[in-house]
Amino acid sequence: MKASQFLISTLKEAPADAEIVSHQLMMRAGLIKKLGAGIYNYMPMGLRVIRKVEAIVREEMNKAGAVELTMPVVQPSELWQETGRFDKMGPELLRIKDRHGRDFVVQPTSEEVITDIARQEIRSYKQLPKNFYQIQTKFRDERRPRFGLMRGREFTMKDAYSFDRDMVSAKASYQVMAEAYRKIFDRFGLQYRAVAADSGAIGGDLSEEFQVIAATGEDAIIYCPTSDYAANIEKAEALAPQRARPAATKPLTKVPTPGKSTCPDVAELLGVPLATTVKSLVLATDEVDEHSAIVKSQIWLLLLRGDHDMNEVKVGKLPGFEKGFRFATEAEVVDHFGTKPGYLGPLNLKKPVRVVADREVAIMADWICGANEADFHITGVNWGRDLPEPELVADLRNVVEGDPSPDGKGVLAIERGIEIGHIFYLGTKYSKAMNATFLDEGGKPQFFEMGCYGIGITRLPAAAIEQNHDDKGIIWPAAIAPFEVVIVPMGYAKSEQVKAAADKLYAELQAAGVDVILDDRDERPGSMFADWELIGVPYRLVVGERGLKEGKIEYKARTDAEASMLDATTTVAHVRGLLGR
RNA sequence: CGGAGUGUAGCUCAGCCUGGUAGAGCACUGCGUUCGGGACGCAGGGGUCGCAUGUUCGAAUCCUGUCACUCCGACCA
């Protein structure tokens with residue numbers, strides 16, 4: 001490719017709405033251009049990166065035995081009605097109508113359509129297992145799109161779906177994907193971690209997220225540096241403390257805490273550690289009739305240590321919370337506790353509530369909580385003495401740095417990550433909902449055992465940039481760089497010698513199968529160097545009269561501090577060596 | 001969806017408070033000088049100031065409405 005034929009549109013300043021470095025650099029390097037909130041043009045330079053990501057993913061998926069197909073971006077609502085997701089999914093599912101007023105959705109994912117294909121096409125156990133995938137445009141009407149391609153509304157995802165005859169086989173298919181994903185992410189040259197994820201209602205451990213490690217990541221990754229344990233924050237279990245509850249030593253005392261409605265404020269006022277306070281969270285679960293009208297609400301009081309945070313996924317699994325929960329309204333709080341949030345506690349309730357204590361809270365003695373009276377807290381609270389033992393003790397909180405690892409082999413550490421892949425065992429959730437069956441050896445219909453496997457194709461370049469950049473710009477891993485090599489001639493239009501040498505080098509590299517761009521724009525050297533460092537091409541070759549006099553070509557990797565000189569005659573071989581071809 | 005904020009040239013922004021014929025830098029075009037680390041000079045092109053209403057002799061500026069976008073909170077590749 002010659003730069004004069006291509007489109008290079010770099011910016012010195014980043015647009016004001018680009019917050020994080022990957023977004024800023026993608027805009028400045030002219031990779032993407034915003035068309036609307038969370039909707040981007042992939043400009044020629046950016047599309048080359050996307051295509052390379054796709055090619056790697058496609059190659060490894062094919063090697064793993066998956067077969068490619070594509071499903072429509074716009075899908076009729078009927079299939080989505082079958083699984084109930086047309087109504088159940090929130091507004092992130094974009095629903096549209098055609099000219100006849102019929103409902104359609106813009107696919108955020110394709111379980112319905114692929115299950116429909118499977119139930120029509122796969123009739124016998126002899127055709128199993130199968131794994132279908134597509135690389136296709138997705139749309140999720142995010143509440144808050146941000147960070148460029150990191151959280152766009154329209155994006156490209158590779159989504160794969162496996163179909164198996166039974167759970168044993170399905171788990172084997174899952175493992176094949178887990179292995180393929182590692183190969184894929186290894187090829188991108190990024191630091192990543194595969195972490196155990198929560199698999200929701202289906203249960204089991206068969207869900208992993210692939211997280212690219214980056215300080216700006218939106219997800220917290222929990223891992224154990226001394227073992228191979230890794231999980232996301234939703235999943236990581238806070239083990240029950242091994243120590244016994246200390247004996248009560250302090251009397252129950254009501255203390256004034258005017259205006260101090262949070263645990264940190266109260267701890268500071270009383271001069272005690274935050275870990276001696278207990279925070280009260282009031283939740284409600286609703287029983288609904290067939291019209292989704294609330295017929296009865298149960299109020300719950302969850303107790304967590306003042307320095308801990310509630311984990312909504314864990315809470316959602318408590319007995320009684322299976323059908324969802326919400327925060328109680330202020331009216332419900334006043335009704336049961338006699339005061340507004342800020343001074344709540346399990347003592348002196350106006351109406352009974354069900355109490356759930358976190359494992360840590362259950363072994364606390366002499367703790368502090370709200371008095372159920374504005375501007376007062378109670379100190380020296382003790383289980384058994386001042387209130388009954390908790391009805392239920394459970395893991396309610398997010399783990400924190402230093403908690404023991406669930407595998408018992410050390411303590412937990414936390415880092416940030418960007419989720420670029422997720423693999424998931426689905427079981428028969430969709431096949432049952434859509435009555436998708438095949439015939440087994442006995443001629444009996446059986447539901448497909450399914451799995452689904454996603455990779456955020458367009459998110460990946462953003463994650464790569466977050467992990468690989470410097471003050472000059474992007475530093476692409478060679479595997480996904482828009483070009484592998486750039487030839488920068490000094491005075492291309494002015495010097496016959498330079499032009500001839502640059503053209504020759506360009507032709508030879510092309511012949512060697514190198515993805516090379518020749519910068520024939522005849523810009524000033526400084527601005528060409530700055531452009532290519534911003535764009536992040538891994539290898540740069542400078543052709544100038546100065547070097548040619550000695551028969552040399554200047555070489556510099558994007559990551560090198562200084563350039564070095566190569567013999568013009570061996571330059572192509574050197575580049576081929578770098579790229580391994 | 002709740003809270004906050006911003007809409008002026010392709011990009012970054014000034015002008016608005018205090019109404020009076022729309023500005024700068026970068027980018028772009030032409031000419032000249034220069035040219036191995038984002039050059040300089042001269043001359044140019046480009047904006048119905050998000051949109052709509054109202055107030056006014058007169059609105060980028062003031063009022064009202066509306067749309068879009070951005071930021072902060074609960075979901076997700």
Side-chain angles (χ1 to χ4, degrees), chain A residues 8-20 23-24 27-28 30 33-39 53 57 89-93 107-110 135-160 181 197-198 200 208-212 217-219 232 234 309-310 312-313 316 325-327 417-424 452-463 472-473 488-495 498 521-534 540 542-548 554 556 563:
Chain A
I8 295 166
S9 51
T10 53
L11 294 171
K12 279 191 189 168
E13 288 169 294
D17 56 18
E19 281 277 305
I20 59 171
H23 188 192
Q24 290 171 351
M27 298 293 290
R28 284 190 55 208
K33 230 174 148 53
K34 188 173 80 170
L35 191 59
I39 301 178
V53 172
V57 170
M89 273 186 91
E92 64 270 12
L93 177 65
Q107 67 153 316
T109 172
S110 276
I135 296 176
Q136 179 64 292
T137 300
K138 301 286 184 292
F139 195 93
R140 293 185 190 173
D141 200 355
E142 294 280 347
R143 267 185 227 163
R144 192 144 90 78
R146 56 180 154 171
F147 303 153
L149 295 193
M150 200 77 88
R151 180 170 298 280
R153 292 197 290 174
E154 186 181 294
F155 59 99
T156 304
M157 184 166 87
K158 186 283 297 176
D159 44 327
Y181 270 44
D198 182 69
E208 279 168 89
E209 289 173 357
F210 290 79
Q211 298 268 1
V212 169
E218 293 186 272
D219 299 326
N232 66 15
E234 285 76 27
D309 290 321
M310 184 180 83
E312 296 196 22
V313 170
F325 65 93
R326 58 182 171 83
F327 281 93
I418 299 163
E419 185 183 356
I420 47 169
H422 196 165
I423 60 177
F424 210 107
C452 70
Y453 316 93
I455 292 178
I457 299 284
T458 42
R459 178 182 279 186
L460 204 131
K472 294 195 174 84
V488 184
M490 298 291 101
Y492 188 77
K494 205 179 60 181
S495 163
V498 166
R521 293 176 299 171
D522 199 40
E523 288 284 328
R524 298 170 62 80
S527 77
M528 289 195 286
F529 293 152
D531 272 353
W532 293 112
E533 277 159 349
L534 172 60
R540 185 183 79 191
V542 178
V543 179
E545 286 186 335
R546 221 155 68 182
L548 290 176
E554 180 189 302
K556 181 177 174 299

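We use all heavy atoms of the structure for the numbers below, so side chains are in, but hydrogens, waters and symmetry mates are not. Residue numbers begin at 1 in each chain, while the letters A, B, ... track the order of the sequences. Every value quoted in this text rests on a predicted model; they were computed, and no experiment measured them.
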Roughly how many Å apart are A60(B) and G19(B), using the P atom of each and rounding to a whole number? 13 Å
For Arg28(A) and G38(B), give me the distance from atom CZ to atom C1', rounded to whole Å. 10 Å
Measure from the side chain of Glu92(A), starting at C-beta and using heavy atoms only, and say which of C76(B), U12(B), C75(B) lies closest. C75(B)
Counting side-chain heavy atoms from C-beta on, which of U70(B), G38(B), G37(B) comes nearest to Glu533(A)? G37(B)
For Asp141(A), does its backbone N or O pair with a side-chain atom of Arg153(A) as donor and acceptor, under 3.5 Å? no
Counterpart base for G58(B), defined by Watson-Crick or G-U wobble contacts under 3.5 Å: none
Which base, if any, makes a Watson-Crick or G-U wobble pair with U12(B), both distances under 3.5 Å? A24(B)
Check every strand shown and say whether Asp531(A) touches a base, only sugar-phosphate, or nothing at a heavy-atom separation below 4.0 Å. base
Base-pairing mate for C40(B) - Watson-Crick or G-U, with both contacts under 3.5 Å: G32(B)
When both distances are under 3.5 Å in a Watson-Crick or G-U wobble arrangement, the nucleotide paired with C71(B) is G3(B)
Between the main-chain N or O of Ala18(A) and the side-chain N or O of Gln24(A), is there a donor-acceptor pair closer than 3.5 Å? yes
For U12(B) versus G7(B), give the span between their C1' atoms, rounded off to a whole number of Å. 15 Å
Calculate the interatomic distance between Leu11(A) atom CG and U12(B) atom C1'; express it in whole Å. 10 Å
If only atom types and distance count, is the side chain of Arg140(A) paired as donor or acceptor with the main-chain N or O of Pro108(A) below 3.5 Å? yes
Can you tell me which nucleotide in C75(B), U12(B), G38(B) comes closest to the side chain of Pro15(A)? U12(B)
Report yes or no: does Tyr181(A) contribute a side-chain atom to a donor-acceptor pair with the main-chain N or O of Tyr453(A) at less than 3.5 Å? yes
Taking the side chain as C-beta and beyond, is there a heavy-atom pair between Gln107(A) and Lys138(A) under 4.5 Å? yes
Any side-chain N or O of Lys33(A) under 4.0 Å from OP1/OP2 of G10(B)? no
Under 3.5 Å, is there an N or O donor on one side and an acceptor on the other linking the side chain of Glu523(A) and the base of G38(B)? no
Phosphate OP1/OP2 of C72(B): any Arg144(A) side-chain N/O under 4.0 Å: yes
Can you tell me which nucleotide in A27(B), G37(B), C76(B) comes closest to the side chain of Arg140(A)? C76(B)
Check every atom of C69(B), G25(B), C75(B) against the side chain of Lys34(A) and return the nucleotide holding the closest atom. C69(B)
Between the side-chain atoms of Arg521(A) and the base atoms of G38(B), is any donor-acceptor pair under 3.5 Å? no
Selection from U70(B), C76(B), C35(B) that lies nearest to any side-chain heavy atom of Glu142(A): C76(B)
Quick one: label Asp141(A) by what it contacts on the DNA or RNA (base, sugar-phosphate, nothing), any heavy atom closer than 4.0 Å. nothing
Main-chain N/O of Glu419(A) paired to Arg459(A) side chain as donor or acceptor, under 3.5 Å: yes
Considering every strand and a 4.0 Å limit on heavy-atom distances, what is the contact class for Gly454(A): base, sugar-phosphate, or nothing? nothing
On a whole-Å scale, what distance lies between the C1' atoms belonging to G58(B) and U21(B)? 10 Å
Using a 4.0 Å heavy-atom cut-off across all strands, classify Gly491(A) as base, sugar-phosphate, or nothing. nothing
Selection from C76(B), A77(B), U12(B) that lies nearest to any side-chain heavy atom of Met157(A): A77(B)
Are the ring of Phe529(A) and the six-membered base ring of G38(B) within the stacking cut-offs of under 5.5 Å and under 30°? no
Quick check for you: among G38(B), A77(B), C11(B), whose closest atom lies nearest to any side-chain atom of Leu534(A)? G38(B)
Taking C35(B), A77(B), A27(B) as options, the one with an atom nearest any side-chain atom of Arg524(A) is C35(B)
For Gly152(A), which contact category applies under a 4.0 Å heavy-atom criterion: base, sugar-phosphate, or nothing? base
Quick check for you: among U70(B), G38(B), C11(B), whose closest atom lies nearest to any side-chain atom of Ala37(A)? U70(B)
